[in-house]
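Just so we're on the same page: letters track the sequence lines, and every chain starts at 1.
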Amino acid sequence: MGEKIVLIDGHSILNRAFYGVPDLTNSEGLHTNAVYGFLNIMFKILEEEKPDYLAVAFDLKAPTFRHKMYAEYKGTRKPMPQELHQQVPVIQDMLRAMEIPLLMLEGYEADDLLGTVSKRMEQEGLEVCVVSGDRDLLQLATEHIMIRIPKTKRTGTEIENYHTADVLEKYQVTPLQIIDLKALMGDASDNIPGIPGVGEKTATKIIAAYGSIENAYAHVEEIKPNKAKESLREHYALAQLSKELATINIEAPLEFELEEASMGVLYTEEAFELCKRLEFKNMLSRFECQGPVNRVSENFRKVSDLAEAEKIFETAAKAAHVGFELILAGKRVRGCALCFSEEDIYFIPAEGFISGAYLCGKIDMLLNETAAASTLDLKAQLPFFANHAREKLYDLALAAYLLNPLKDKYTYEDVAKEHMSMMIPSQEELLGRKGFEGAEDEKAVSDCACYIGYVAWAALEPMQKKLLDTGMDTLFREIEMPLVYTLHDMEREGIRVEAAALKQYGEQLIGRIGELETEIYAMAGETFNINSPKQLGVILFEKLKLPYGKKTKTGYSTAADVLEKLADEAPVVSRILEYRQLTKLKSTYADGLANYIAEDGRIHSTFKQTITATGRISSTEPNLQNIPIRMELGRLIRKVFIPKDGYVFVDADYSQIELRVLAAISGDETLIHAYREAQDIHRITASQVFHIPFDEVTDLQRRNAKAVNFGIVYGISSFGLSQDLSITRKEAAQYIEKYFETYPGIKKFLDDTVENAKKEGYVTTLFGRRRPMPELKAGNFMQRSFGERVAMNAPIQGTAADIIKIAMIRVNDRLKAENLKSRLILQVHDELLIEAEESETDEVKRILLEEMQGAAELSVKLEIDMHTGKSWYEAK
DNA sequence: GTAGTCACG
DNA sequence: ACGTACGTGACTACA
């Protein structure tokens, strides 16, 4: 068997991939789906063919000989969409990085280059495989040249293969006759004209019978049907032109050295970096076995001997810095990972003479002795530690979050990839879905732990440097790291919930839900699942023929704002709205929360520090940051949140923190002054914007001003404001214009922020937190506008988040420093809730006021509203 | 697993 | 012309 070469039709496969793979975008806003699909097809072919040589052909922009022959050639072809066009240089860079030669020649199309090279290679005795989405290439098929046409189907990519015989079988003509076929039937996609009145069926019959258009023309009188006969007679010249156009030139003057196409490693460092940038996670795993990266695992050691473990901890304490990770299986310590050099990478399992408690104690000690230590996800490990020095401790998951808050996970393999350019297997790959809890493969457990320890150690230096380079070092050390301990304290404390009262609340809802259900079915004339937007849509908009407003991807929208507009049209609508409200309260709050009440009668939510793009924290299992308050019925839920005996709740929230932050960081004199002057910022805004005396501002004017104030914080748009106020876009635009006239500093700040975001690719908060802004590089209006709003909002929301984080740390620390029994238990973005021992109430209030107000020194004073009560309901 | 909806700041 | 306010998490339905 001779050697084999694979030749790929670059544009054609890229095109096919573009339409076959759903849209993908990396965090820079680069579209990547076509590149991704291309590589997948290429790798699949390479795996199947295992060729000795590989090259990819591309068209150049310059006109080809076909343009000279036929002015309209490809003239009317649909231009490539921008999203695809962007990806052409990207795939070319990728192929170059993989050291695959690109075949390009001015005046020739990729087809011609493929034809030329495949014929030359065939002559040299090679097996040739040409990959294209374009059936034109079939004319090249021979015994030794196989044409492969990938088709994207639901089940994946299937590839049709054609040697001479396959073409004959499928098209009833020889490969070369494919050209004649095209000359008759034309090809819309290639702008080959063809002759009128002849389709695929007739063309095939004619060519099968006469062999070529020339011979067919010689026997034109015999041709049937009549329509084809006339057409051929009349348009023979056109058919000849088409034939020439469709003929692939196999003698292009292309310089091609076979040796350069020799299959190399493909997985070069450069290709790896590019894959990383494009965020091709799956693709990266192909690089896994390459290079030195995985050699670290040769130094992994499992240590089960107590004396040896002692020794390792001793050596670790003297190291420049140490990476560690307590390996947890649910509530059990399964061991610990320790790393302090490229050679010293250990997993110490909690078995035999080594107990979990021993390991926890050793790490606590180690942290007090060591110069610096790093780990991933410190908060998860804190329940197992007693006390240790905090200053030299680095949680690298947090560092990774600060460096790019847009990712959805910050696992060790992710950190390794991002910050060490290293591909290592993930926990799931090593241990399966259950992780350390279920894993029985001892070697895998040890390896996984060692990988974690190694990354915790090795990533510190590059990440520390990046934090310094990005100006986020202080934010990391003084806000995010200390906050870990604060959040852990809050999680451990939890909040007391009266189970019986919660149950009662739920039961009280059931009756009314049942009533509504009956009424809705009666009004609809049938029973259906009211909770199904799909079924509900059918009832409202088809059966009851109500006018539908918005449509969603899948059908009619039945969202509350749509239904509210229909409430007057049919009485069933308001019942549906009420039904929705009540079932929400029942399922999410009454029943939902009950499942989370722990043995101690309290709910311990988890606060997540690495989720939001803006720097806020989030709350899960359950989410205690979205307990109802706006509607009275929902608000009543808060009566079941109560302080423990002898305690009260003290609730403090920042008054309009985001708008104050905006006033301060924009430096707008008028707005800053307004905040110094007046209590009611929305009223004074109305007065200033509408040029009327403060006392004469109507409620409507105040409401409008308030909406504009909110809109500004969200990254204003006339459309959004018009929706909110139910006014026209024009009116909304006028409000905004007047607002900006009144507060020119705000306008300048927002404009500058967007401009700077476009230039730098990110925005920052007052404390240096960054949010990357990939959206702004995107071409389409929708995405770009979204990016602009985000750019305006992120510094505001983010700065407010920074401020309350500072306040939380200080409040929590001070409660402890003053030996108080009162504890911080909740944060709801601009609000802190403290469970205060009754006699400490005044001191707690003082601490809250001082630390919340003092968290940041702004040109606008931060005001705090405070309430106390015997339930969360009362304390608001 | 995704889409739609709705609770909060 | 395009068609959304910014940031989250939980629940239900449905493929």
Should A/Q535 be listed as having a side-chain N or O under 4.0 Å from OP1 or OP2 of C/dC14? yes
So which nucleotide from C/dG7, C/dA10, B/dG9 ends up closest to the side chain of A/D830? B/dG9
Less than 4.0 Å between a side-chain N and a carboxylate O, is that true for A/K550 and A/D561? yes
Nearest to side-chain heavy atoms of A/T552, which nucleotide of C/dA5, B/dG4, B/dA7: B/dG4
In whole angstrom, give the distance that lies between atom CG of A/L593 and atom P of C/dA10. 11 Å
With the side chain counted from C-beta on, respond yes when A/R770 and A/L402 share a heavy-atom pair under 4.5 Å apart, and no when they do not. no
Contact class for A/A732 (heavy atom, under 4.0 Å): base, sugar-phosphate, or nothing? nothing
Minimum-distance nucleotide to A/I629 side chain [options: B/dC8, C/dT8, C/dG9]: B/dC8
Using a cut-off of 4.0 Å on non-hydrogen atoms, how would the nucleic acid contact of A/N626 be classed: base, sugar-phosphate, or nothing? base
Can you tell me how far P of B/dA7 sits from CD of A/E578, to the nearest Å? 12 Å
Is A/R580 close enough to B/dC6 that one of its side-chain N or O atoms is under 4.0 Å from OP1 or OP2 there? yes
Whether A/R630 contacts B/dC8 is assessed here as follows: a side-chain N or O lying under 4.0 Å from the phosphate OP1 or OP2. Is that the case? yes
Nearest to the side chain of A/Q581 - B/dC8, C/dA5, B/dA7? B/dA7
Is the shortest side-chain N/O distance from A/N529 to OP1 or OP2 of C/dA13 below 4.0 Å? yes
Determine, for A/K639 against A/E498, whether the closest basic-nitrogen to carboxylate-oxygen distance falls under 4.0 angstrom. no
If you check every side-chain atom of A/K553, which of B/dA3, C/dA10, C/dG7 has the closest atom? B/dA3
Respond yes when some side-chain nitrogen or oxygen of A/S619 is under 4.0 Å from OP1 or OP2 of C/dG9, and no when none is. no
With a non-hydrogen cut-off below 4.0 angstrom, is A/G711 in contact with a base, only sugar-phosphate, or nothing? base
Checking all strands, does A/A794 fall into the base, sugar-phosphate, or nothing category for heavy-atom contacts under 4.0 angstrom? nothing
Are any of the side-chain heavy atoms of A/L406 and A/Y401 separated by less than 4.5 Å? no
Could you tell me whether A/E480 and A/K805 have a side-chain N and a carboxylate O separated by less than 4.0 Å? yes
When all nucleic acid strands are considered with a 4.0 Å heavy-atom cut-off, which category describes A/L585: base, sugar-phosphate, or nothing? nothing
Is there a side-chain polar atom (N or O) of A/K534 under 4.0 Å from OP1 or OP2 of C/dA15? yes
For C/dG7 and A/R616 - does any side-chain N or O of the residue sit under 4.0 Å from the phosphate oxygens OP1/OP2? no
Look at the side chain of A/V790 and decide which nucleotide, out of C/dC6, C/dA10, C/dA5, has an atom nearest to it. C/dC6
Separation of B/dG9 P from A/I627 CD1 (nearest whole Å): 11 Å
Among B/dG4, B/dC8, C/dA10, which nucleotide has an atom closest to any side-chain atom of A/R638? B/dC8
Between A/R433 and A/E428, is there a salt bridge with N-O shorter than 4.0 Å? yes
OP1 or OP2 of C/dG7 versus the side-chain N and O atoms of A/R771: is any pair under 4.0 Å? yes
Just to confirm, is there a sub-4.0 Å distance from OP1 or OP2 of C/dG9 to any side-chain nitrogen or oxygen of A/S618? yes
Name the residue from A/H488, A/E491, A/Q609 that meets the side chain to side chain donor-acceptor pair (under 3.5 Å) definition with A/K379. A/E491
Is C/dT8 paired to anything, Watson-Crick or G-U wobble with both distances less than 3.5 Å, and if yes, which nucleotide? B/dA7
Residue A/S717, side-chain heavy atoms: nucleotide from B/dA7, B/dA3, C/dT4 that is nearest: C/dT4
Output the single nucleotide from C/dG9, C/dC11, C/dG7 whose closest atom is nearest the side chain of A/A613. C/dG7
Could you measure between the two P atoms, the one in B/dT5 and the one in C/dA5, and give it in whole Å? 13 Å
Looking only at atom P, what distance separates B/dC6 and C/dC2, rounded to whole Å? 26 Å
Heavy-atom side-chain proximity of A/L776 to A/E788 below 4.5 angstrom: yes
Remember a base hit wins even if backbone is also touched, and classify A/Q723 as base, sugar-phosphate or nothing at under 4.0 Å, heavy atoms. nothing
Below 4.0 angstrom from OP1 or OP2 of B/dT5, is there any side-chain N or O of A/S557? yes
When all nucleic acid strands are considered with a 4.0 Å heavy-atom cut-off, which category describes A/E621: base, sugar-phosphate, or nothing? sugar-phosphate
Measure the distance between the ring centre of A/F719 and the centre of the six-membered base ring of C/dT4, then answer whether it is under 5.5 Å with planes under 30°. yes
Closest of C/dT12, C/dG7, B/dA7 to the A/N531 side chain is C/dT12
OP1 or OP2 of C/dC14 sitting under 4.0 Å from any side-chain N/O of A/S532? yes
What integer distance in Å separates A/I803:CD1 from B/dG9:P? 19 Å
Quick one: A/L832 CG to B/dG9 C1', roughly how many Å, whole number? 13 Å
